[in-house]
Amino acid sequence: MIKVKRIAITPGEPAGIGPDLVLAMAQEDWPHELVICASSQLMVERAAQLGLPLDVIEYDPARPPQPHKAGTLVITDCKLKAPVIPGELNEQNGHYVLDTLSRATQGCMSGEFAAVVTGPVHKGIINRAGVSFSGHTEFFAQQSNTAQVVMMLATEGLRVALVTTHIPLAYVSKAITAERLQQIIRILHADLVSKFGIEQPKIYVCGLNPHAGEDGCLGKEEIEVITPALDQLRQEEGMKLFGPLPADTIFQDKYLADADTVLAMYHDQGLPVLKFKGFGKSVNITLGLPFIRTSVDHGTALELAGTGQADTGSLWTALSHALELVEKQT
Ligand SMILES: NC(=O)c1ccc[n+]([C@@H]2O[C@H](COP(=O)([O-])OP(=O)(O)OC[C@H]3O[C@@H](n4cnc5c(N)ncnc54)[C@H](O)[C@@H]3O)[C@@H](O)[C@H]2O)c1
Ligand SMILES: N[C@H](C(=O)O)[C@H](O)COP(=O)(O)O
(Lines give C-alpha, C1' and ligand atoms only; values in the text may rest on other atoms or scores of the structure.)
(Ligands and ions follow the chains in the order given, each with its own letter.)
Protein backbone atom coordinates (compact mmCIF):
# COMPACT_ATOMS: atom_id res chain seq x y z
CA MET A 1 0.00 0.00 0.00
CA ILE A 2 1.41 3.41 -0.95
CA LYS A 3 1.19 6.33 1.43
CA VAL A 4 -1.20 8.87 -0.07
CA LYS A 5 0.39 12.30 -0.56
CA ARG A 6 -0.89 15.69 -1.60
CA ILE A 7 0.14 17.11 -4.95
CA ALA A 8 -0.48 20.79 -5.64
CA ILE A 9 -1.61 21.71 -9.14
CA THR A 10 -1.65 25.27 -10.45
CA PRO A 11 -3.71 25.63 -13.65
CA GLY A 12 -1.83 28.84 -14.57
CA GLU A 13 -3.25 31.62 -16.72
CA PRO A 14 -7.04 31.61 -16.14
CA ALA A 15 -7.86 32.66 -19.72
CA GLY A 16 -5.68 29.90 -21.17
CA ILE A 17 -6.02 26.14 -21.54
CA GLY A 18 -4.60 25.32 -18.08
CA PRO A 19 -8.00 25.12 -16.33
CA ASP A 20 -9.38 22.93 -19.17
CA LEU A 21 -6.47 20.51 -18.87
CA VAL A 22 -6.75 20.27 -15.09
CA LEU A 23 -10.47 19.56 -15.41
CA ALA A 24 -9.69 16.81 -17.94
CA MET A 25 -7.10 15.26 -15.55
CA ALA A 26 -9.71 15.35 -12.79
CA GLN A 27 -11.94 13.00 -14.80
CA GLU A 28 -9.75 10.02 -13.89
CA ASP A 29 -8.74 8.41 -10.61
CA TRP A 30 -5.22 9.15 -9.30
CA PRO A 31 -3.46 7.39 -6.43
CA HIS A 32 -2.65 10.65 -4.60
CA GLU A 33 -4.70 13.69 -3.62
CA LEU A 34 -4.63 16.49 -6.16
CA VAL A 35 -5.03 19.89 -4.53
CA ILE A 36 -5.84 22.56 -7.07
CA CYS A 37 -4.53 26.03 -6.20
CA ALA A 38 -7.02 28.11 -8.17
CA SER A 39 -10.29 29.98 -8.14
CA SER A 40 -13.22 27.62 -7.45
CA GLN A 41 -15.48 29.95 -9.43
CA LEU A 42 -13.18 29.72 -12.46
CA MET A 43 -13.02 25.94 -12.35
CA VAL A 44 -16.81 25.56 -11.96
CA GLU A 45 -17.49 27.97 -14.84
CA ARG A 46 -14.94 26.29 -17.15
CA ALA A 47 -16.28 22.82 -16.32
CA ALA A 48 -19.79 23.98 -17.25
CA GLN A 49 -18.48 25.46 -20.49
CA LEU A 50 -16.72 22.21 -21.38
CA GLY A 51 -19.65 20.07 -20.25
CA LEU A 52 -17.49 18.18 -17.77
CA PRO A 53 -18.98 16.81 -14.54
CA LEU A 54 -17.46 18.38 -11.46
CA ASP A 55 -17.94 17.96 -7.75
CA VAL A 56 -15.90 20.64 -5.96
CA ILE A 57 -14.52 19.76 -2.52
CA GLU A 58 -13.14 22.59 -0.44
CA TYR A 59 -9.59 21.74 0.60
CA ASP A 60 -9.20 20.96 4.27
CA PRO A 61 -5.58 20.50 5.38
CA ALA A 62 -6.76 18.81 8.60
CA ARG A 63 -8.38 15.94 6.65
CA PRO A 64 -6.05 13.01 5.84
CA PRO A 65 -5.15 12.98 2.12
CA GLN A 66 -7.41 10.78 -0.03
CA PRO A 67 -6.65 9.36 -3.50
CA HIS A 68 -8.19 11.53 -6.21
CA LYS A 69 -11.65 10.37 -7.29
CA ALA A 70 -12.72 10.90 -10.91
CA GLY A 71 -15.12 13.80 -11.37
CA THR A 72 -14.10 15.62 -8.18
CA LEU A 73 -11.77 18.55 -7.61
CA VAL A 74 -10.22 19.45 -4.27
CA ILE A 75 -9.60 23.19 -4.43
CA THR A 76 -7.75 25.57 -2.17
CA ASP A 77 -9.51 28.72 -3.28
CA CYS A 78 -7.54 31.67 -4.62
CA LYS A 79 -9.69 34.65 -5.50
CA LEU A 80 -9.73 36.04 -9.03
CA LYS A 81 -9.28 39.78 -9.34
CA ALA A 82 -11.54 40.07 -12.40
CA PRO A 83 -14.00 37.85 -14.33
CA VAL A 84 -12.39 35.49 -16.87
CA ILE A 85 -13.27 35.20 -20.54
CA PRO A 86 -11.50 32.20 -22.09
CA GLY A 87 -8.93 33.36 -24.64
CA GLU A 88 -8.86 36.97 -23.42
CA LEU A 89 -5.94 37.99 -21.25
CA ASN A 90 -6.67 40.45 -18.47
CA GLU A 91 -3.77 42.00 -16.61
CA GLN A 92 -5.97 42.41 -13.53
CA ASN A 93 -5.57 38.65 -13.01
CA GLY A 94 -1.76 38.74 -13.17
CA HIS A 95 -1.57 38.87 -9.39
CA TYR A 96 -4.10 36.04 -9.11
CA VAL A 97 -1.74 33.77 -11.06
CA LEU A 98 1.13 34.66 -8.74
CA ASP A 99 -1.12 34.02 -5.70
CA THR A 100 -1.73 30.47 -6.93
CA LEU A 101 2.01 29.88 -7.39
CA SER A 102 2.82 31.34 -3.98
CA ARG A 103 0.18 29.13 -2.33
CA ALA A 104 1.74 26.07 -3.95
CA THR A 105 5.29 27.10 -3.01
CA GLN A 106 4.31 27.74 0.58
CA GLY A 107 2.69 24.28 0.80
CA CYS A 108 5.69 22.58 -0.80
CA MET A 109 8.13 24.36 1.49
CA SER A 110 6.15 23.46 4.62
CA GLY A 111 5.76 19.81 3.61
CA GLU A 112 1.98 20.12 3.15
CA PHE A 113 2.39 19.20 -0.54
CA ALA A 114 4.79 16.54 -1.83
CA ALA A 115 5.15 18.22 -5.23
CA VAL A 116 3.76 20.92 -7.47
CA VAL A 117 2.64 20.46 -11.06
CA THR A 118 2.14 23.66 -13.01
CA GLY A 119 -0.07 24.54 -15.95
CA PRO A 120 0.98 27.26 -18.37
CA VAL A 121 1.21 30.91 -17.38
CA HIS A 122 1.45 33.91 -19.67
CA LYS A 123 4.69 35.69 -18.84
CA GLY A 124 3.75 38.85 -20.74
CA ILE A 125 0.47 39.54 -18.90
CA ILE A 126 2.14 39.11 -15.49
CA ASN A 127 4.72 41.70 -16.52
CA ARG A 128 1.94 43.94 -17.77
CA ALA A 129 0.39 43.63 -14.31
CA GLY A 130 3.53 45.31 -13.02
CA VAL A 131 5.52 42.31 -11.77
CA SER A 132 8.82 41.37 -13.32
CA PHE A 133 8.38 37.66 -14.08
CA SER A 134 10.36 35.51 -16.50
CA GLY A 135 9.00 32.03 -15.71
CA HIS A 136 8.01 29.51 -13.04
CA THR A 137 11.57 28.21 -12.88
CA GLU A 138 12.98 31.54 -11.77
CA PHE A 139 9.92 32.31 -9.59
CA PHE A 140 10.15 29.07 -7.59
CA ALA A 141 13.92 29.51 -7.20
CA GLN A 142 13.43 32.99 -5.82
CA GLN A 143 10.49 32.07 -3.56
CA SER A 144 12.40 29.14 -2.08
CA ASN A 145 15.67 31.09 -1.73
CA THR A 146 17.47 28.72 -4.06
CA ALA A 147 20.46 30.39 -5.69
CA GLN A 148 20.63 28.16 -8.76
CA VAL A 149 18.19 25.73 -10.37
CA VAL A 150 18.22 23.89 -13.69
CA MET A 151 15.46 23.66 -16.29
CA MET A 152 15.29 20.22 -17.87
CA LEU A 153 12.69 18.97 -20.34
CA ALA A 154 12.29 15.27 -21.00
CA THR A 155 10.41 13.14 -23.47
CA GLU A 156 10.70 9.46 -24.44
CA GLY A 157 14.36 8.96 -25.45
CA LEU A 158 15.65 12.49 -24.83
CA ARG A 159 16.40 14.84 -21.94
CA VAL A 160 17.57 18.39 -22.55
CA ALA A 161 18.81 20.70 -19.79
CA LEU A 162 19.65 24.38 -20.18
CA VAL A 163 22.52 26.52 -18.92
CA THR A 164 20.54 29.74 -19.39
CA THR A 165 16.75 29.99 -19.38
CA HIS A 166 14.52 33.00 -19.99
CA ILE A 167 16.94 35.75 -20.92
CA PRO A 168 17.32 37.69 -24.15
CA LEU A 169 19.67 36.04 -26.64
CA ALA A 170 21.88 39.14 -26.48
CA TYR A 171 22.76 38.34 -22.84
CA VAL A 172 23.50 34.65 -23.26
CA SER A 173 27.23 34.77 -23.93
CA LYS A 174 27.92 36.91 -20.86
CA ALA A 175 25.75 34.66 -18.68
CA ILE A 176 27.81 31.57 -19.54
CA THR A 177 30.57 31.82 -16.97
CA ALA A 178 32.66 28.89 -15.76
CA GLU A 179 31.08 29.27 -12.33
CA ARG A 180 27.52 29.13 -13.64
CA LEU A 181 28.28 26.25 -15.96
CA GLN A 182 29.83 24.22 -13.15
CA GLN A 183 26.94 24.96 -10.76
CA ILE A 184 24.42 23.89 -13.41
CA ILE A 185 26.32 20.69 -14.19
CA ARG A 186 26.68 19.79 -10.50
CA ILE A 187 22.91 20.19 -9.95
CA LEU A 188 22.12 18.26 -13.11
CA HIS A 189 24.55 15.49 -12.21
CA ALA A 190 23.30 15.23 -8.62
CA ASP A 191 19.62 15.08 -9.66
CA LEU A 192 20.24 12.55 -12.43
CA VAL A 193 21.77 10.35 -9.74
CA SER A 194 19.27 10.98 -6.94
CA LYS A 195 15.98 11.51 -8.81
CA PHE A 196 16.55 9.40 -11.92
CA GLY A 197 18.66 6.61 -10.45
CA ILE A 198 21.47 6.98 -13.03
CA GLU A 199 24.69 5.93 -11.28
CA GLN A 200 27.21 7.67 -13.52
CA PRO A 201 25.33 10.15 -15.68
CA LYS A 202 26.75 10.93 -19.10
CA ILE A 203 26.18 14.56 -19.98
CA TYR A 204 26.71 15.69 -23.57
CA VAL A 205 27.41 19.42 -23.70
CA CYS A 206 26.66 21.71 -26.65
CA GLY A 207 29.03 24.45 -27.72
CA LEU A 208 27.66 27.98 -27.90
CA ASN A 209 28.92 29.07 -31.31
CA PRO A 210 28.44 27.53 -34.76
CA HIS A 211 30.58 24.39 -34.99
CA ALA A 212 31.51 24.83 -31.32
CA GLY A 213 33.57 27.86 -32.27
CA GLU A 214 35.64 26.18 -35.03
CA ASP A 215 38.91 26.40 -33.06
CA GLY A 216 38.17 29.96 -32.02
CA CYS A 217 37.49 31.31 -35.54
CA LEU A 218 33.74 31.49 -34.90
CA GLY A 219 33.75 32.48 -31.23
CA LYS A 220 35.99 31.94 -28.24
CA GLU A 221 33.60 30.89 -25.44
CA GLU A 222 34.35 27.19 -26.01
CA ILE A 223 38.13 27.72 -25.61
CA GLU A 224 38.04 30.33 -22.89
CA VAL A 225 35.12 29.22 -20.72
CA ILE A 226 33.34 25.99 -21.59
CA THR A 227 36.22 23.55 -22.17
CA PRO A 228 38.22 24.59 -19.08
CA ALA A 229 35.10 24.38 -16.91
CA LEU A 230 34.29 20.88 -18.19
CA ASP A 231 37.93 19.74 -17.86
CA GLN A 232 38.00 20.79 -14.24
CA LEU A 233 34.83 18.85 -13.43
CA ARG A 234 36.15 15.79 -15.26
CA GLN A 235 39.49 15.88 -13.49
CA GLU A 236 38.46 16.95 -10.00
CA GLU A 237 34.98 15.44 -9.70
CA GLY A 238 35.22 12.49 -12.09
CA MET A 239 32.14 13.48 -14.07
CA LYS A 240 31.44 11.90 -17.44
CA LEU A 241 31.13 14.97 -19.62
CA PHE A 242 31.36 14.99 -23.41
CA GLY A 243 31.96 18.07 -25.54
CA PRO A 244 31.55 20.88 -26.11
CA LEU A 245 30.17 19.41 -29.32
CA PRO A 246 28.61 21.38 -32.19
CA ALA A 247 24.93 21.82 -31.36
CA ASP A 248 23.81 21.16 -34.93
CA THR A 249 25.11 17.57 -34.88
CA ILE A 250 24.94 16.62 -31.19
CA PHE A 251 21.32 15.46 -31.51
CA GLN A 252 22.06 12.33 -33.54
CA ASP A 253 21.51 8.73 -32.47
CA LYS A 254 25.24 8.01 -32.16
CA TYR A 255 25.47 10.44 -29.24
CA LEU A 256 21.93 10.21 -27.93
CA ALA A 257 22.14 6.44 -27.52
CA ASP A 258 24.90 7.06 -24.98
CA ALA A 259 23.77 10.36 -23.44
CA ASP A 260 21.69 10.56 -20.27
CA THR A 261 21.08 14.21 -21.08
CA VAL A 262 22.14 16.91 -23.49
CA LEU A 263 23.07 20.23 -21.92
CA ALA A 264 22.24 23.15 -24.21
CA MET A 265 23.64 26.63 -23.67
CA TYR A 266 20.35 28.46 -24.20
CA HIS A 267 16.59 27.98 -24.48
CA ASP A 268 16.17 27.89 -28.26
CA GLN A 269 19.29 25.83 -28.84
CA GLY A 270 17.90 22.80 -27.02
CA LEU A 271 14.14 23.09 -26.67
CA PRO A 272 13.14 23.15 -30.36
CA VAL A 273 14.80 19.76 -30.78
CA LEU A 274 13.11 18.34 -27.67
CA LYS A 275 9.72 19.73 -28.73
CA PHE A 276 10.15 18.50 -32.30
CA LYS A 277 10.64 15.03 -30.87
CA GLY A 278 7.97 15.11 -28.21
CA PHE A 279 5.77 18.23 -28.09
CA GLY A 280 2.67 17.37 -26.10
CA LYS A 281 4.33 14.35 -24.49
CA SER A 282 7.15 16.05 -22.62
CA VAL A 283 7.64 17.18 -19.07
CA ASN A 284 9.50 20.22 -17.79
CA ILE A 285 11.27 19.52 -14.49
CA THR A 286 13.01 22.04 -12.27
CA LEU A 287 16.13 20.48 -10.78
CA GLY A 288 17.84 21.81 -7.67
CA LEU A 289 14.71 23.07 -5.89
CA PRO A 290 14.00 21.91 -2.34
CA PHE A 291 10.77 20.32 -3.66
CA ILE A 292 9.55 18.42 -6.71
CA ARG A 293 8.19 20.59 -9.52
CA THR A 294 7.08 19.41 -12.94
CA SER A 295 5.22 21.24 -15.67
CA VAL A 296 3.77 21.11 -19.16
CA ASP A 297 5.87 21.60 -22.29
CA HIS A 298 3.52 24.13 -23.87
CA GLY A 299 2.07 27.56 -23.29
CA THR A 300 -1.35 29.06 -22.73
CA ALA A 301 -2.73 28.35 -26.25
CA LEU A 302 -5.36 31.05 -25.70
CA GLU A 303 -7.20 30.25 -28.92
CA LEU A 304 -8.05 26.76 -27.59
CA ALA A 305 -9.24 27.77 -24.11
CA GLY A 306 -12.78 26.66 -23.39
CA THR A 307 -13.07 24.68 -26.65
CA GLY A 308 -12.26 21.21 -25.33
CA GLN A 309 -9.66 20.80 -28.08
CA ALA A 310 -6.50 21.23 -26.03
CA ASP A 311 -4.29 18.15 -25.91
CA THR A 312 -3.91 16.82 -22.36
CA GLY A 313 -0.77 14.75 -23.12
CA SER A 314 1.81 17.02 -21.55
CA LEU A 315 -0.10 17.73 -18.33
CA TRP A 316 -0.72 13.99 -18.02
CA THR A 317 3.02 13.37 -18.50
CA ALA A 318 3.93 16.10 -16.00
CA LEU A 319 1.54 14.77 -13.36
CA SER A 320 2.58 11.16 -13.88
CA HIS A 321 6.23 12.12 -13.66
CA ALA A 322 5.69 14.08 -10.44
CA LEU A 323 3.91 11.08 -8.92
CA GLU A 324 6.80 8.79 -9.91
CA LEU A 325 9.30 11.14 -8.26
CA VAL A 326 7.13 11.41 -5.15
CA GLU A 327 6.80 7.63 -4.86
CA LYS A 328 10.55 7.16 -5.37
CA GLN A 329 11.17 9.52 -2.48
CA THR A 330 9.16 7.47 0.00
N1 LIG B 1 4.79 26.13 -18.86
C2 LIG B 1 4.53 27.40 -19.11
O3 LIG B 1 4.11 28.16 -18.25
C4 LIG B 1 4.76 27.91 -20.50
C5 LIG B 1 5.45 27.16 -21.46
C6 LIG B 1 5.63 27.69 -22.72
C7 LIG B 1 5.11 28.93 -23.04
N8 LIG B 1 4.45 29.63 -22.06
C9 LIG B 1 3.82 30.93 -22.33
O10 LIG B 1 2.63 30.74 -23.09
C11 LIG B 1 2.34 31.91 -23.84
C12 LIG B 1 2.01 31.54 -25.26
O13 LIG B 1 3.19 30.99 -25.85
P14 LIG B 1 3.31 30.38 -27.30
O15 LIG B 1 2.18 30.90 -28.14
O16 LIG B 1 4.70 30.57 -27.73
O17 LIG B 1 3.15 28.82 -27.08
P18 LIG B 1 1.89 27.86 -26.90
O19 LIG B 1 2.45 26.57 -26.46
O20 LIG B 1 0.84 28.49 -26.09
O21 LIG B 1 1.31 27.70 -28.39
C22 LIG B 1 2.12 27.28 -29.47
C23 LIG B 1 1.27 26.45 -30.43
O24 LIG B 1 1.01 25.17 -29.88
C25 LIG B 1 -0.39 24.93 -29.74
N26 LIG B 1 -0.61 24.27 -28.45
C27 LIG B 1 -0.01 24.56 -27.28
N28 LIG B 1 -0.44 23.75 -26.31
C29 LIG B 1 -1.34 22.93 -26.88
C30 LIG B 1 -2.15 21.86 -26.38
N31 LIG B 1 -2.11 21.46 -25.11
N32 LIG B 1 -2.99 21.23 -27.24
C33 LIG B 1 -3.04 21.60 -28.54
N34 LIG B 1 -2.29 22.59 -29.06
C35 LIG B 1 -1.46 23.25 -28.24
C36 LIG B 1 -1.04 26.32 -29.78
O37 LIG B 1 -2.38 26.24 -30.22
C38 LIG B 1 -0.10 27.06 -30.73
O39 LIG B 1 -0.43 26.74 -32.06
C40 LIG B 1 3.57 32.81 -23.70
O41 LIG B 1 3.30 33.80 -22.74
C42 LIG B 1 4.66 31.87 -23.17
O43 LIG B 1 5.62 32.50 -22.40
C44 LIG B 1 4.25 29.14 -20.82
N1 LIG C 1 10.81 27.27 -21.20
C2 LIG C 1 9.61 26.56 -21.01
C3 LIG C 1 9.16 25.93 -22.29
O4 LIG C 1 9.59 26.37 -23.34
O5 LIG C 1 8.36 25.01 -22.24
C6 LIG C 1 8.49 27.47 -20.58
O7 LIG C 1 8.68 28.79 -20.99
C8 LIG C 1 8.10 27.34 -19.18
O9 LIG C 1 9.09 27.70 -18.30
P10 LIG C 1 8.76 27.78 -16.76
O11 LIG C 1 8.47 26.39 -16.32
O12 LIG C 1 9.98 28.34 -16.15
O13 LIG C 1 7.60 28.70 -16.64
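For ligands, and for the atoms within them, numbers begin at 1 and follow the listed sequence. Sequence positions, counted from 1, serve as the residue numbers for this chain. What you are looking at is a predicted structure, and each value in this text was computed from that prediction instead of being measured.
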- Query: Heavy-atom distance to atom 3 (C) of ligand 2: which of Glu138, Arg293, Lys275, Met151 wins?
  - Reply: Lys275
- Item | Positive for side-chain contact (heavy atoms from CB on, under 4.5 Å) with Cys206, one of Leu245, Leu263, Val262 | Val262
- Note on the structure: The closest protein heavy-atom partner of atom 1 (N) of ligand 2 is His267 NE2, 2.8 Å
- May I ask you to test the Met152-Phe196 pair for a side-chain heavy-atom distance under 4.5 Å? yes
- Please identify each residue that fulfils side chain to side chain contact (heavy atoms under 4.5 Å, CB included) with Glu179, with sequence neighbours left out. Thr177, Gln183
- Shortest protein heavy-atom distance from atom 8 (C) of ligand 2, along with the residue and atom involved: Asn284 ND2, 3.8 Å
- Heavy atoms under 4.0 Å from ligand 1: which residues qualify? Ile17, Pro120, Val121, His122, Lys123, His136, Phe279, Ser295, Val296, His298, Gly299, Thr300, Ala301, Glu303, Leu304, Ala310, Asp311
- Query: Does His122 have its ring centroid less than 6.0 Å away from the ring centroid of Tyr96?
  - Reply: no
- Message: Would you say Asn209 and Glu221 are linked by a side-chain donor-acceptor pair, where the criterion is simply a distance under 3.5 Å?
- Response: yes
- Query: Distance only, no hydrogens: is a donor on one side chain within 3.5 Å (strictly under) of an acceptor on the other, for Glu45 and Gln41?
  - Reply: yes
- Message: Under a 4.0 angstrom heavy-atom cut-off, which atoms of ligand 2 come close to Thr137?
- Response: 10 (P), 11 (O), 12 (O)
- Query: With under 30° as parallel and over 60° as perpendicular, where do the rings of Phe242 and Tyr204 fit, or are they tilted in between?
  - Reply: parallel
- Item | Distance from atom 9 (O) of ligand 2 to nearest protein heavy atom, with residue and atom | His166 CE1, 3.2 Å
- Could you pull out all residues at least two apart from His32 that satisfy ring pair (Phe, Tyr, Trp, His ring centres under 6.0 Å)? none
- Query: Does any N or O atom in Ser295 lie less than 3.5 angstrom from one in ligand 2, N or O only?
  - Reply: no
- Can Arg159 and Thr261 be counted as having a side-chain donor-acceptor contact under 3.5 angstrom? no
- Give the numbers and elements of all ligand 2 atoms closer than 4.0 Å to a heavy atom of Gly135. 12 (O), 13 (O)
- Structural part of Asp297 in contact with ligand 2, heavy atom criterion under 4.0 angstrom: backbone
- Query: ligand 2 versus Leu271, non-hydrogen atoms closer than 4.0 Å: side chain, backbone, both, neither?
  - Reply: side chain
- Item | Contact check: His298 vs ligand 2, nitrogen or oxygen atoms, below 3.5 angstrom | no
- Task: Please round to the nearest 0.5 Å and tell me the distance separating atom CG of Leu54 and atom OG1 of Thr72.
- Result: 8.0 Å
- Item | Partner set under side chain to side chain contact (heavy atoms under 4.5 Å, CB included) for Gln235, not counting sequence neighbours | Asp231
- Pull out every atom of ligand 2 sitting under 4.0 Å from any heavy atom of His136, numbered as shown with elements. 10 (P), 11 (O), 12 (O), 13 (O)
